[in-house]
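Only heavy atoms go into these numbers, but all of them, side chains included; no hydrogens, no water, no symmetry mates. All figures in this text were calculated on a predicted structure; none of them were measured in a lab.
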Amino acid sequence: MVDNGKTFSINTLKGRVKCGFFLNGFEEYFDGTWAFGLAKLVKSGKHWFLHISVKKEIAEIELTDVKHVVGIDRGLRQLVTTYDEKDKTTFFNGNAVLKKRRHYKELRRSLQARNTRNSKRRIRKMESRENHWMADVNHCLSKTLVFLYGSDTVFVLEDLIGVRFATEQVAKSQRYEHVSWAFFQFGQMLTYKANKVGSMVVEVSAAYTSQRCPKCGTIKKSNRDTHNHEYHCPCGYRSNDDRVAAMNIQQLGTQYVSGVENPKFEKQKANS
């Protein structure tokens with residue numbers, strides 16, 4: 001509860017406590033157009049943070065007004081590869097992220113081997129740091145994409161339900177927790193950021209996006225050289241395999257914008 005715009009009044013187990021606060025970029029949410037939801041008080045180091053969910057009604061983008069269609073391929077070696085209607089490709093390298101995740105994995109394995117109360121406590125703290133770090137990576141990445149393309153943009157993602165990223169060296173039983181959750185989080189962040197500026201995110205089927213030639217349409221698994229990260233089609237077309245996937249995803253998004261009926265499309269809803 002905000003008291004006189006200068007302090008928060010928070011109900012605790014020991015009664016209400018009033019404290020000063022700093023908005024730090026939160027001012028825009030007090031313009032009367034946002035509805036506030038649940039709040040969570042979180043301590044980080046010596047500081048306390050109040051996380052508040054917000055909601056706002058935003059008009060849906062008209063497909064006739066679309067300026068950009070951006071295909072986005074998510075992966076491990078390249079966190080994100082984008083391809084747009086102007087034949088522009090952008091790579092966001094993921095090697096540093098993958099290296100750090102494997103570092104966390106080795107630390108976790110070492111601590112688990114000790115199996116002490118202190119090691120378990122350190123694992124919990126480490127997992128919290130890792131989650132916050134990865135969330136920040138996704139926040140910066142999604143923010144950059146929205147900034148680059150702005151309003152009236154359709155961002156196209158693969159539907160990754162059931163997809164596994166086998167190149168990540170983790171146990172099969174833990175693969176989803178260690179890999180897929182980060183890609184799902186990126187999609188959620190991109191969705192609400194895009195909606196906020198008048199753009200949208202749609203999901204398309206991931207089937208054959210890495211095996212289909214974007215020039216002639218041939219679908220052949222052997223055309224993709226995963227070791228050298230190349231795609232080489234008998235028709236003569238050759239390119240980076242991540243770029244090919246982004247191109248195919250962008251083509252599916254273009255079909256969506258043009259009104260081609262396809263039951264494999266699904267518009268994403270934002271969760272703020």
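Here the NZ-CD distance, from Lys55 to Glu57, works out to 7.0 Å after rounding to the nearest 0.5 Å. Here the straight-line distance linking atom CE of Met126 with atom CG of Asn131 works out to 10.0 Å at 0.5 Å rounding. In this structure, the separation between NZ on Lys125 and CG on Leu111 is 12.0 Å, given to the nearest 0.5 Å. Rounding to the nearest 0.5 Å places CG of Leu79 at 13.0 Å from CZ of Phe91. Between the CG atom in Asp242 and the CZ atom in Arg224 there is a gap of 6.5 Å [rounded to 0.5 Å]. The structure places CG of Asn248 at 10.0 Å from OH of Tyr83, a figure rounded to the nearest 0.5 Å.
Between the side chain of Ser110 and the backbone N or O of Glu106 there is no donor-acceptor pair closer than 3.5 Å. Of the possible polar contacts, none joining the Asn223 side chain to the Cys213 backbone as a donor-acceptor pair under 3.5 Å is found. Counting only distance, with no hydrogens or angles, the side chain of His103 and the backbone of Lys99 share no donor-acceptor pair below 3.5 Å. The backbone N or O of Val69 lies less than 3.5 Å from a partner atom in the side chain of Gln250, making a donor-acceptor pair. The backbone N or O of Ala245 sits nowhere less than 3.5 Å from a side-chain atom of Ser210 that would complete a donor-acceptor pair.
Residues Met247 and Phe92 do not share a hydrophobic cluster, defined by chaining ILVMFWY side chains whose heavy atoms lie under 4.5 Å apart. Leu148 is connected to Leu141 through a chain of hydrophobic side-chain contacts under 4.5 Å among Ile, Leu, Val, Met, Phe, Trp and Tyr, so both are in one cluster. Leu63 and Leu252 fall within a single hydrophobic cluster, where Ile, Leu, Val, Met, Phe, Trp and Tyr are joined by side-chain heavy atoms under 4.5 Å apart, directly or via other members.
Minimum interatomic distance between Phe155 and Ser199 (heavy atoms only, all atoms of both residues): CE1-CB, 4.3 Å. Across all their heavy atoms, Gly253 and Val156 have their closest contact at CA-CG2, 3.6 Å. Nearest heavy atom pair, residue Asp152 against residue Asp65, reads CB-O, 3.4 Å. The minimum heavy-atom distance linking Val244 with Pro214 is given by the pair CG1-CD, 3.8 Å. Asp73 and Ile249 make their closest contact through CA-CD1, 4.0 Å (heavy atoms, listed as atom of the first residue, atom of the second, distance). Heavy-atom minimum distance, Trp34 versus Asp31: CD1-OD1, 3.4 Å.
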Would you please test Val80 and Phe186 for side chain to side chain contact (heavy atoms under 4.5 Å, CB included) and show each step? CA-CA 10 Å; Val80 163; Phe186 167 78; 3.9 Å; yes
side-chain hydrogen bond (donor to acceptor under 3.5 Å, both in side chains) assessment of Asn118 paired with Thr116: CA-CA 5 Å; Asn118 182 56; Thr116 63; 5.3 Å; no
Given Lys100 and Tyr104, is the side chain to side chain contact (heavy atoms under 4.5 Å, CB included) satisfied, shown in steps? CA-CA 6 Å; Lys100 191 167 184 176; Tyr104 274 119; 3.8 Å; yes
With side chain to side chain contact (heavy atoms under 4.5 Å, CB included) as the criterion, how do Val204 and Tyr256 come out once you've worked through the C-alpha distance, each side chain's angles and the decisive distance to 0.1 Å? CA-CA 9 Å; Val204 298; Tyr256 172 82; 6.0 Å; no
Between Arg77 and Asn95, is the side chain to side chain contact (heavy atoms under 4.5 Å, CB included) condition met? List the steps. CA-CA 6 Å; Arg77 189 177 60 91; Asn95 287 335; 3.9 Å; yes
Residue pair Asp136, Lys143: steps toward the salt bridge (Lys or Arg N to Asp or Glu O under 4.0 Å) verdict: CA-CA 10 Å; Asp136 184 64; Lys143 183 178 180 180; over 6 Å; no
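Looking at Glu158 and Arg74, no side-chain N of the basic residue comes within less than 4.0 Å of a carboxylate O on the acidic one, giving no salt bridge. The residues Lys67 and Asp84 are annotated as not salt-bridged, no charged nitrogen and carboxylate oxygen being separated by less than 4.0 angstrom. Between Arg124 and Glu127, none of the side-chain N atoms (NZ, or NE/NH1/NH2) sits under 4.0 Å from a carboxylate O, so this pair counts as no salt bridge.
Side-chain atoms of Ile72 and Leu145, non-hydrogen and from C-beta on, do get closer than 4.5 Å to each other. Side-chain atoms of Asn93 and Gln78, non-hydrogen and from C-beta on, do get closer than 4.5 Å to each other. Between Thr81 and Thr89, some side-chain heavy-atom pair lies under the 4.5 Å cut-off. Looking only at side-chain heavy atoms (C-beta outward), Ile58 and Tyr192 stay at 4.5 Å or farther from each other. A 4.5 Å side-chain heavy-atom check between Leu76 and Arg101 finds at least one atom pair inside the cut-off. In this structure the side chain of Met200 never reaches within 4.5 angstrom of the side chain of Glu60, judged on heavy atoms.
Within a 6.0 Å sphere centred on OH of Tyr208, other residues, nucleotides and ligands contribute 12 heavy atoms or fewer. Residue His229 places its NE2 atom among more than 12 non-hydrogen atoms of other residues, nucleotides or ligands, all under 6.0 Å distant.
No side-chain donor from either of Lys86 and His68 sits under 3.5 Å from a side-chain acceptor of the other. There is a side-chain donor-acceptor pair under 3.5 Å between Gln185 and Asn138.
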